[in-house]
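Working notes, structure below.
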Amino acid sequence: MDALKILAEACADVRPAEPDDAPWAARFTAAPADAGEAAALLRAAADLGLAVVPRGGGTRLRWGAPPTRCDLLVDTRRMDRIVEHAAGDLVVTAEAGTPLAVLGAALAEHGQRLSLDGQPPGATVGGAVASGAAGPLRLLYGSPRDLVIGLTIVRADGAVARSGGKVVKNVAGYDLGRLFAGSSGTLGLIVSATFRLHPVPEARAFVSRTFAGPGEAHDAVQRVLHSPAYPAAVECSSAAGHRVDVLLEGVANGVPDRAAAVADLLGGGTVAAGPPSGWAELPAGGTLVHASVPPGSLRDLLAVPLPADAALAWSASGHARVVLPGGTAPGRVADALAALRALGSAVVRDAPPDVRDAVDVWGEIPGLALMRRVKDQFDPDHRLSPGRFAGGI
Amino acid sequence: MGTPLDRLAARFTALLGRDSVIDDPVRLRTYECDGLTTHRASPGLVVLPETAEDVAAVVRDCVAAGVPYVARGSGTGLSGGALPRTDGVLIVTARMRRILEIDIPNQRAVVEPGVINLDVTRAVRPYGYYFAPDPSSQQICSVGGNVAENSGGAHCLKYGFTAHHVLSCEVVTPDGEIVELGEGPGYDLLGVFVGAEGTLGITTKITVRLTRVPETVQTLLAAFTSIEAGGTAVSAIIGAGVVPAAIEMMDALSIEAAEAAVGCGYPEGAAAVLIVELDGPASEVAHQFAEVERLCRDAGAFEVRIAADDAERALIWTGRKSAFAAVGRISPAYLVQDGVIPRTALPRVLARIDALSAASGVRVANVFHAGDGNLHPLVLFDDAEEGAAERAEEVSGAILDLCVEHGGSITGEHGVGVDKARYMPRMFTDTDLDTMQMVRCGFDPAGLCNPGKVFPTPRLCGEVPGVKKGPHPLVAEGKAELF
Ligand SMILES: Cc1cc2nc3c(=O)[nH]c(=O)nc-3n(C[C@H](O)[C@H](O)[C@H](O)COP(=O)(O)OP(=O)(O)OC[C@H]3O[C@@H](n4cnc5c(N)ncnc54)[C@H](O)[C@@H]3O)c2cc1C
């Protein structure tokens with residue numbers, strides 16, 4: 001009897017891994033049907049000493065370092081039920097493998113949404129929480145750590161644990177939802193999450209203007225942020241010139257007036273009902289860097305020397321994304337990182353292997369010793385997504 | 001050379017100076033409780049550090065001596081989170097009250113932990129900004145306490161809790177090291193530190209997010225002849241996609257108390273009043289406010305008052321804000337409960353509380369943040385009457401059971417502290433609690449940082465998590481091999 005049979009006793013859907021399952025080599029792939037099966041699977045993996053890496057839609061498996069070991073890939077996509085949508089309470093619970101698009105459609109039927117954008121097609125609930133990433137709406141609504149109000153996980157030893165709950169206001173116990181948001185599968189397997197929701201706004205408008213210089217774009221953003229416009233998102237992207245886009249959401253009677261006011265603040269912006277091209281999107285491929293750059297440093301960010309074909313998108317929540325096209329020499333990536341790190345932290349999310357090997361992917365990590373100790377508690381044998389995370393965690 | 005505390009007193013005196021160390025029993029008693037006065041313990045020693053380095057040195061000495069320590073801000077906590085240890089050191093942040101930086105371009109401010117919540121708003125108001133978390137205690141509570149309790153206020157319905165308004169914290173860890181927890185790479189340790197009730201370390205510097213003062217604020221008071229009608233109005237407002245800044249509700253008994261205390265002049269004959277506040281861009285608010293007014297009338301409001309200016313708005317809020325203290329006018333003693341239910345369960349749960357009250361003869365006044373289902377039942381009793389306190393305690397506990405039964409929480413903002421640690425198992429399994437405590441073991445394996453709070457039973461940090469079962473039986477028996 002081999003490991004595959006032992007795993008099969010725990011979970012009906014187990015097979016040898018195939019090359020398409022992940023961008024790295026794995027031994028087995030299992031797709032548990034529910035939290036119970038997932039728990040049995042992780043317990044069996046613990047008994048067998050297997051290194052376990054969770055996957056959802058597979059849209060961000062290339063983020064972070066490849067695992068140093070991957071014996072068992074846990075595919076969450078069969079756990080795809082919307083467990084409970086309490087529309088009157090603006091709360092939903094969904095299993096980890098639920099595609100965000102499916103969830104979004106179900107919520108939209110009730111005039112509600114999960115205010116988390118910028119997710120690639122195919123992204124799942126669990127993957128979104130584990131990656132912690134958010135799009136332009138982060139300015140007003142935050143990221144997964146702010147939207148998750150309850151989380152159920154399976155620990156490395158196969159125990160099922162829950163934190164938070166089904167109500168938005170709740171301070172009972174530690175908030176593991178915030179700890180797991182962005183933890184990249186290194187602390188446990190997320191099996192379901194409960195989110196707070198918002199009503200779909202009745203109306204929205206995008207106000208845009210392109211500025212010639214970094215200083216002008218910077219000043220325009222400052223004027224909008226310090227105005228009473230209450231934007232849902234403020235973006236600045238650099239390609240041909242520096243384009244500032246402001247998203248306003250609200251009631252049909254109010255949004256046009258606010259859009260006009262913001263157009264004035266931009267010194268003559270154009271107003272559109274739909275998103276401008278490239279909204280919340282960046283070119284794929286190459287090296288993707290996430291940097292934290294607060295609004296007061298936008299001018300400096302826009303002045304960072306980047307290769308001509310690089311793309312940069314900044315959100316007023318203080319997060320910038322930079323894509324350096326494939327083929328950019330590792331030395332130039334390192335230069336860009338150094339310039340970004342002079343403004344805040346910067347992390348390489350995805351990069352070709354030669355770049356990844358040549359640059360400091362994470363930069364300085366304040367609190368790393370504490371992080372290691374928390375990791376050691378949750379995963380003493382370092383079997384969960386080993387090596388994927390900051391500091392080699 | 002005396003007890004460990006005597007030795008620490010000498011060390012701290014050398015380190016911080018004589019007037020920063022309190023060991024006189026009479027003065028120590030000033031610190032014997034926080035806002036929850038039913039739990040009292042005189043601290044072994046009190047220190048009043050002025051810098052992060054001082055705090056770190058104190059913590060290191062405590063750890064070296066194996067002496068527990070507890071942080072205290074303004075001592076307004078309502079769950080006994082800052083309850084001292086008679087065998088320990090109380091670290092009070094009252095001398096760390098500087099606002100270090102106001103950074104308007106980045107919409108943030110950097111403050112020391114002892115800074116009073118409202119002082120942050122006062123300092124940034126001239127720039128058109130404020131600090132959004134607004135606990136009712138905001139004139140006296142500290143930002144460090146807000147961080148520890150993840151405090152909220154009436155306006156967190158729209159703006160969220162302290163966790164959403166803290167960008168980073170400088171923390172003295174239980175090792176006595178100073179680290180910055182924030183948005184850098186790696187785990188969101190800040191996210192779990194906020195709301196950990198002072199059990200993961202002491203914050204010595206906090207970077208808070210500042211919020212733009214809204215263009216307009218509009219407030220109305222709607223009076224109903226039944227609490228159900230008020231509940232219906234709340235559901236209708238939320239159901240219409242309106243996100244008010246606040247929706248507060250009071251029942252007849254709490255209105256009576258507020259009337260007796262501050263003469264707030266709420267409509268006569270109201271079995272419930274609702275305060276609804278909208279804020280934001282003027283054009284939006286005007287439109288939605290009309291809708292809210294209509295929804296209140298549709299739900300049966302017999303009177304709707306609209307505040308014409310700030311003075312009238314303050315008047316509407318006076319009754320609500322005085323409600324806790326006002327109950328003292330109609331009852332010699334009372335317990336403040338803090339539970340949460342899904343908003344839609346409001347009518348059912350209130351009916352059950354009514355029934356509980358009727359069956360036990362214990363009066364319950366209800367004041368709550370109706371928008372997010374956060375109940376603050378005030379359980380009234382006469383402390384001169386034998387057994388009354390126990391009966392009140394029982395009713396209060398039964399209300400928490402109702403909250404949990406309806407899918408809610410045992411605390412929405414006051415925290416677990418010492419008060420509710422015993423109720424945690426009603427909401428969480430042993431495994432849930434054990435898992436939360438893994439974080440604590442990571443931060444504080446010695447368990448000296450605010451011990452005995454939040455969790456009913458401490459986890460021994462040396463333990464390997466879960467049940468260690470050894471290799472799979474088939475492997476052990478040699479019937480299976482790995483790979
Ligand atoms: C009349 C009244 C009304 C209230 N209304 C509200 C309300 O509307 N909403 C609400 O959420 N709360 C409310 N509270 C509760 C209380 O005011 C809040 O919990 C407040 O945040 C506590 O702040 P504090 O400075 O008084 O903290 P303390 O009571 O001194 O301490 C509270 C906890 O924080 C820890 N702590 C303090 N400072 C630090 C630090 N620097 N680092 C780490 N841990 C620390 C303590 O150890 C303790 O566990 C109210 C209290 C009263 C008395």
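Within every chain, numbering begins at 1; the chains are lettered A, B, ... in the order of the sequence lines, protein sequences first and strands thereafter.
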For the student: nearest non-hydrogen atoms of [X] and [Y], plus distance:
X        : Y        : result
B:Arg108 : A:Pro294 : NH2-CB, 3.7 Å
A:Gly173 : B:Val416 : N-CG2, 4.0 Å
A:Ala172 : B:Ser409 : CB-OG, 3.8 Å

With a 4.5 angstrom heavy-atom cut-off, could you sort out which part of [X] is near chain B: side chain, backbone, both or neither?
X        : value
A:Pro199 : side chain
A:Val255 : both
A:Arg196 : side chain
A:Glu364 : backbone

Side chain, backbone, both or neither of [X] within contact of chain A (heavy atoms, under 4.5 Å):
X        : answer
B:Met424 : side chain
B:Val439 : both
B:Tyr159 : side chain
B:Ile104 : both
B:Asp175 : side chain
B:Thr344 : both
B:Lys453 : neither
B:Gln288 : side chain
B:Asn374 : side chain
B:Phe161 : side chain
B:Phe455 : side chain
B:His369 : side chain

Tell me whether [X] contacts the main-chain N or O of [Y] through its side chain, where contact means a donor paired with an acceptor under 3.5 Å.
X        : Y        : value
A:Asn253 : B:His287 : no
B:Arg343 : A:Gly88  : yes
A:Gln222 : B:Pro105 : yes
B:Asp432 : A:Ser163 : no

* Criterion salt bridge (charged side-chain N to carboxylate O under 4.0 Å, His left out) on B:Asp444 and A:Arg373, from CA distance to verdict -> CA-CA 10 Å; B:Asp444 181 24; A:Arg373 278 156 49 177; over 6 Å; no

* Asked: So, A:Tyr174 versus B:Thr435: side-chain donor-acceptor pair below 3.5 Å or not?
  -> no

* Will you find, in the side chains of B:Tyr129 and A:His226, an N or O donor that is under 3.5 Å from an N or O acceptor? -> yes

* Is it true that A:Phe389 and B:Tyr187 have ring centroids separated by less than 6.0 Å? -> yes

* To do: Using a strict cut-off of less than 4.0 Å between a Lys/Arg side-chain nitrogen and an Asp/Glu carboxylate oxygen, indicate whether B:Asp188 and A:Arg178 qualify as a salt bridge.
  => no

* **Electrostatic pair B:Asp434-A:Arg155, nearest N-O below 4.0 angstrom** => yes

* A:Ala390, A:Gly254, A:Pro228: which one forms the most heavy-atom pairs within less than 4.5 Å of chain B? -> A:Pro228

* **Any side-chain heavy-atom pair of B:Glu183 and A:His319 under 4.5 Å** => yes

* Is atom OH of A:Tyr230 surrounded by more than 12 heavy atoms (other residues, nucleotides or ligands) closer than 6.0 Å? -> yes

